[in-house]
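Here's the structure, in structure tokens; my notes come after.
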Protein chains: 2
Amino acid sequence: MARPSSYHHGNLKEVLLEAARKLIEEHGAFGFSLTEAARLAGVSPAAPYRHFKDRDALLAEVARNGFERFAACLDTAWNNGVPTPLSAFENLGKAYLAFAREEPASYTVMFETGLAPGTEGETLPAAERAFEVLQQAAEALCRSLPEDERPPLKLVSLHLWTMAHGVATLFSKGGRAARKVPMTPEEVLESGLLIYLKGLGILPDAKEDGSG
Amino acid sequence: MARPSSYHHGNLKEVLLEAARKLIEEHGAFGFSLTEAARLAGVSPAAPYRHFKDRDALLAEVARNGFERFAACLDTAWNNGVPTPLSAFENLGKAYLAFAREEPASYTVMFETGLAPGTEGETLPAAERAFEVLQQAAEALCRSLPEDERPPLKLVSLHLWTMAHGVATLFSKGGRAARKVPMTPEEVLESGLLIYLKGLGILPDAKEDGSG
DNA sequence: CTTTGATGTAAAAGCCCTTTACATGAGTCA
DNA sequence: TGACTCATGTAAAGGGCTTTTACATCAAAG
């Protein structure tokens with residue numbers, strides 16, 4: 001498919017997205033320039049316009065594309081709640097943070113406001129799918145509660161999302177929190193979620209349990 | 001002080017910061033340009049360089065400046081935990097979200113990674129002060145626990161920060177979460193924090209209490 | 001073999017960032 | 001009053017980026 005030395009690139013769109021992620025990772029979202037991405041891909045500054053309407057469209061595609069893989073990651077990690085909802089939930093949290101760490105550029109463009117003003121107005125289908133995985137997890141976790149004690153699922157999943165996103169962003173890169181505490185993001189998220197689940201009555205209190 | 005029609009502006013630095021916040025608010029962090037900020041202030045494109053080393057330095061100052069007001073807001077809201085730690089804590093959460101809503105540009109530049117790569121490496125004193133308010137709150141809230149049940153304070157304050165920051169960013173602007181649930185950010189944060197505090201054993205379980 | 005459409009290039013207009021040399025004016029000191 | 005000085009602003013220019021337009025290349029289809 002890819003013909004590096006021919007006049008036609010053959011795989012430019014993908015290569016440009018890759019270059020964009022690399023540049024954003026290295027120089028921040030501001031440091032990204034279409035021209036430099038084109039340079040990395042070995043084409044002229046005008047070439048990207050055959051594949052993207054403009055620079056914002058490329059960023060939007062990085063986001064869309066990122067949400068696809070993100071949703072897939074979360075879905076795989078959750079694995080329909082097997083073997084147990086709790087262990088699957090732990091995997092889910094780790095997968096969330098792993099994605100944010102391994103694809104910081106994607107995560108940044110996906111979630112950080114103020115990057116592409118027009119773009120973030122629409123909610124992407126893949127973003128919905130990612131959120132639905134969290135909602136499935138919330139549902140499975142809450143199923144052990146008597147019905148009259150169950151808080152709204154959307155609310156619980158928002159709480160989960162909130163904690164995961166908060167840890168992911170506060171700890172990302174040289175993030176503000178990274179040097180404040182000698183713990184990994186995973187430990188912070190997991191401990192926070194455990195406390196939250198205790199508060200919901202899904203996990204027993206430590207003093208009652210004694211094993212944890 | 002300000003002489004709008006004279007050769008020397010008299011108040012340019014402040015006006016530029018204000019203009020930057022306004023532009024970022026309207027067009028996103030990408031939409032901000034030093035030249036346009038200068039235009040808004042009624043000066044030439046080179047004038048800002050008498051007050052800021054470069055464009056990144058202006059953004060860094062927006063962040064620094066924002067953290068100062070942010071820390072002051074949080075400190076005022078917390079009010080040393082009076083009348084009660086719990087009510088003060090509620091105020092603290094509201095103040096956090098209020099700041100993010102009222103100064104979205106500041107909040108964006110303060111917390112979003114990938115904006116000024118070099119800048120976020122250093123931790124600002126004002127940012128430390130803001131975090132210390134959260135830590136004070138965590139300490140006051142945990143004081144009612146027996147010592148052997150108290151989790152590390154830094155960890156608890158990180159959890160609190162995580163939830164507040166998560167809600168603030170997920171709900172900001174046309175944020176991804178805003179249309180997902182018919183609740184205000186304040187309601188999402190407060191309910192999440194209540195559940196978390198229950199999990200810590202600071203608040204009684206709903207079924208034991210019964211009063212909501 | 002020619003045509004055609006997708007894909008890439010070159011060139012140019014316009015904006016932005018930043019530097020450099022120069023202009024202005026307020027305050028100081030004689 | 002008058003000259004000096006320093007902070008602050010301007011004008012002009014170089015270089016980069018974005019985007020458009022006209023043209024070039026090449027693969028595939030007829």
Side-chain angles (χ1 to χ4, degrees), chain A residues 1-24 26-63 105 109 114-119, chain B residues 1-24 26-63 105 109 114-119:
Chain A
M1 284 291 166
R3 290 275 178 68
S5 59
S6 71
Y7 185 92
H8 284 62
H9 190 289
N11 198 24
L12 186 53
K13 188 170 182 178
E14 269 312 312
V15 172
L16 284 173
L17 290 173
E18 185 75 22
R21 283 190 289 261
K22 180 180 172 187
L23 289 174
I24 291 172
E26 286 174 0
H27 311 303
F30 263 131
F32 161 71
S33 95
L34 209 47
T35 297
E36 196 169 358
R39 214 157 26 223
L40 271 188
V43 296
S44 76
Y49 290 84
R50 295 295 174 194
H51 300 274
F52 304 100
K53 179 178 161 291
D54 56 19
R55 170 205 159 104
D56 279 0
L58 192 154
L59 286 178
E61 178 63 16
V62 168
V109 178
L115 293 187
T119 306
Chain B
M1 285 289 165
R3 290 275 177 68
S5 59
S6 72
Y7 186 93
H8 284 61
H9 189 289
N11 198 25
L12 186 54
K13 188 169 181 176
E14 270 310 312
V15 172
L16 284 173
L17 290 172
E18 184 75 23
R21 283 190 289 261
K22 180 181 170 186
L23 288 174
I24 291 171
E26 286 174 1
H27 311 302
F30 264 130
F32 160 70
S33 96
L34 209 48
T35 298
E36 195 169 357
R39 214 158 26 222
L40 271 186
V43 295
S44 76
Y49 290 84
R50 295 297 174 193
H51 300 275
F52 304 98
K53 179 178 162 293
D54 57 17
R55 170 206 159 105
D56 278 0
L58 192 153
L59 286 179
E61 178 62 17
V62 168
V109 178
L115 293 186
T119 306

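So you know, we letter chains A, B, ... as the sequences are listed, proteins then strands, and number each from 1.
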Give me, pair by pair, the N or O atoms of the protein and of nucleotides 12-15 of chain D that are less than 3.5 Å apart, along with how far apart they are.
none

_C:dC17, OP1 or OP2 - any side-chain N/O from B:T35 closer than 4.0 Å?_
yes
*Could you give the distance from NZ (A:K13) to CZ (A:R50), rounded to the nearest 0.5 Å?*
14.5 Å
_Verdict with reasoning, A:L59 to B:F30, per side chain to side chain contact (heavy atoms under 4.5 Å, CB included)_ = CA-CA 12 Å; A:L59 286 178; B:F30 264 130; 3.8 Å; yes
*If we only count heavy atoms from C-beta on, is the B:D54 to B:L34 side-chain gap below 4.5 Å?*
no
*Write down the distance between CG (B:D56) and C1' (C:dC17), rounded to a whole number of angstrom.*
11 Å
*Nearest whole angstrom, please: distance from the P of D:dA7 to the CG of B:N11.*
18 Å
Show me the donor-acceptor pairs within less than 3.5 Å that the side chains of residues 15-22 of chain A make with the rest of the protein, sequence neighbours left out.
residue, atom, partner, partner atom, Å
A:E18, OE1, A:R21, NH2, 3.2

*Tell me: CZ of B:F32 to P of C:dC15, nearest whole Å?*
18 Å
*asked:* It should be established whether A:R50 places a side-chain nitrogen or oxygen under 4.0 Å from OP1 or OP2 of nucleotide C:dT9.
replied: no
_Let's see if you can work this out: which of D:dT10, C:dC16, D:dT19 has an atom nearest to the side-chain heavy atoms of A:R55?_
D:dT19
*Among the nucleotides C:dT9, D:dT8, C:dC16, which one has an atom lying closest to any side-chain atom of B:H51?*
D:dT8
_Length of the CD-P vector between B:E36 and C:dC15, whole Å_ = 11 Å
*Measure the distance from NZ on A:K53 to C1' on D:dT19 and round it to the nearest whole Å.*
10 Å
*Taking OH from B:Y49 and C1' from D:dT8, how many angstroms apart are they, rounded to a whole number?*
16 Å
*asked:* As an exercise, state the distance from CD of B:E14 to NE2 of B:H51, rounded to the nearest 0.5 Å.
replied: 11.0 Å
*Which whole-number value in Å describes the distance from B:F30 CZ to D:dT18 P?*
10 Å
_Contact between B:E36 and B:L23 at the side-chain level, heavy atoms closer than 4.5 Å - yes or no?_
yes
_Protein-nucleotide distance (B:L12, atom CG; C:dT24, atom P), rounded to Å_ = 19 Å
_Test your reading of the model: is there a side-chain donor-acceptor pair from B:R55 to the backbone of B:F32, 3.5 Å cut-off?_
yes
